[in-house]
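Values below: all heavy atoms of this structure, side chains included; hydrogens, waters and symmetry mates excluded. A note on names: the letters A, B, ... follow the listed sequences, proteins ahead of strands, and every chain is numbered from 1.
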Number of protein chains: 2
Amino acid sequence: MNLRAAAVEPAPLRVCMRDRIRETLVARILDGTYPTGTKLKELPLAREFNVSQAPIREALRELEGSGLVSCERYRGTRVRGADFAELRESYELREIMEVRSLELAVPYAPAALQNFARCLRTMASAVARDNHEGYIDEALRFHRALVQGSGNQTFLRLWDSLHWEVRGRIALRRIAAQRRGLKPLLNLHRALLARMRAGDVEGATARLRALFATVSALA
Amino acid sequence: MNLRAAAVEPAPLRVCMRDRIRETLVARILDGTYPTGTKLKELPLAREFNVSQAPIREALRELEGSGLVSCERYRGTRVRGADFAELRESYELREIMEVRSLELAVPYAPAALQNFARCLRTMASAVARDNHEGYIDEALRFHRALVQGSGNQTFLRLWDSLHWEVRGRIALRRIAAQRRGLKPLLNLHRALLARMRAGDVEGATARLRALFATVSALA
DNA sequence: AACTGATCGATTATCGATAATCTACCGGCT
DNA sequence: AGCCGGTAGATTATCGATAATCGATCAGTT
């Protein structure tokens, strides 16, 4: 699932090596295959993907831009992100963006509210059937729509660049594995939507902050 | 002035073509030499910089990461940012980051407060001497330090990636050219620092928002 | 032994050329 | 005229090879 491509381009169409390589590397970094500090050497990667050095380098430059790796001239590329501190920082960033988006977007148009409600129904049925991945997919759509509602394209691009389709999955799986599962998160979303419907900015942002607090509490 | 490099690496040491090219392109995009929508063709750029296609492509990939251009497969790279709407969006993002940073960092340690005070003195003397560029440099240091104070590295990297050393300069020059000049901005900073000293989060964030409102009012 | 400087292997940066793909244009057909 | 398919030129994506740089090692000196 690539939310960004789905929203912006008609077809993902990954004919291009660079994209395939980049997505593979993103996944490996965020799921821990490459722990923080791992050196990503270009020629070995080139051999692994059966390509030349060029597409590897370009993929690495893109990752540098999204902050997952850092490069030092003539010294190579190292994995930067994905330890827990970094995950928490990203959530902090996401929180302030989503809170501000709420403030900018309330009151919502009926069509937007219907869209959120549809997401919520799908999330609920996923929880009912213990379909964690289904819940995660839909929750990400819900939160992305929240940011989209702000009308701030810069927010949306930033949100997309943080790769929640991978990194959110990691955090939510841990919550799903807890005793109470995803039910509390679902209920918080319900309360949030109710306040959004009521046009109650204060109440809505409070619920949204509570949602993020749940994730932060993972520790 | 490259704040990012100055803070992270000992020496910028731009021995590498990619960096020189990237910085040139950033400046051209943000100062309007390349208006929004301009197609950046690789071979002509390669000829201009007397390099081959490779370093150009990598520079473009980095710009894509920081959101200044967008690429479509086999269709090339176009300038994305730097119209006024985009500038406003970036300021919105910067505002929520700086406000949140304040909330996280208050109350400040004495050393940090002294640093802010030193910035402020430099800003004041620059205004007194009508040295706009000097004011801008120091104001950017002040605001960067604000974000740094949050301890959130992700915030800081994002702040750096927005190229305020170019884009902030553009906005502030317009304010400096107005009737009242930079004086009101300086006074708002003074008020802000006073509230920071007092450990008054509410008051400080209010002053900070007022600062950003001044910029947004540029229209 | 500690220090200095030269050298080698590994790795990144860049090059020049080729393959893949897109866009615009053109002629034939309905 | 308007539509379709194909071809040419422009542009991007990738390749394979070379140059530049780094880190570690080692000989020689004190």
- Message: Which residues pass the salt bridge (Lys or Arg N to Asp or Glu O under 4.0 Å) test with A:Arg121, not counting sequence neighbours?
- Response: none

Tabulated below should be each protein N or O lying under 3.5 Å from an N or O of nucleotides 5-9 of chain C; please produce it.
none

- Message: Evaluate A:Asp31 against A:Arg169 for salt bridge (charged side-chain N to carboxylate O under 4.0 Å, His left out), listing each step before the verdict.
- Response: CA-CA 9 Å; A:Asp31 73 10; A:Arg169 206 169 291 279; over 6 Å; no

- Is a side-chain donor-acceptor pair under 3.5 Å present for B:Trp159 with B:Gln148? no

- Message: Could you work out, with side-chain contact (heavy atoms from CB on, under 4.5 Å) as the rule, every residue matching A:Val106, not counting sequence neighbours?
- Response: A:Leu102, A:Tyr108, A:Val201

- Should the pair A:Tyr91 and A:Phe212 be assigned to parallel (<30°), tilted (30 to 60°) or perpendicular (>60°) ring geometry? perpendicular

- What does nucleotides 10-17 of chain D look like as a protein-contact string, B for base, S for sugar-phosphate only, - for none, at under 4.0 angstrom between heavy atoms? -SBBBB-B

- Message: Per the ring pair (Phe, Tyr, Trp, His ring centres under 6.0 Å) rule, what does the pair list look like for residues 41-68 of chain B, sequence neighbours excluded?
- Response: none

- List in chain and number order the residues that pass salt bridge (Lys or Arg N to Asp or Glu O under 4.0 Å) with A:Arg47, two or more places apart in sequence or in another chain; answer none if no residue qualifies. none

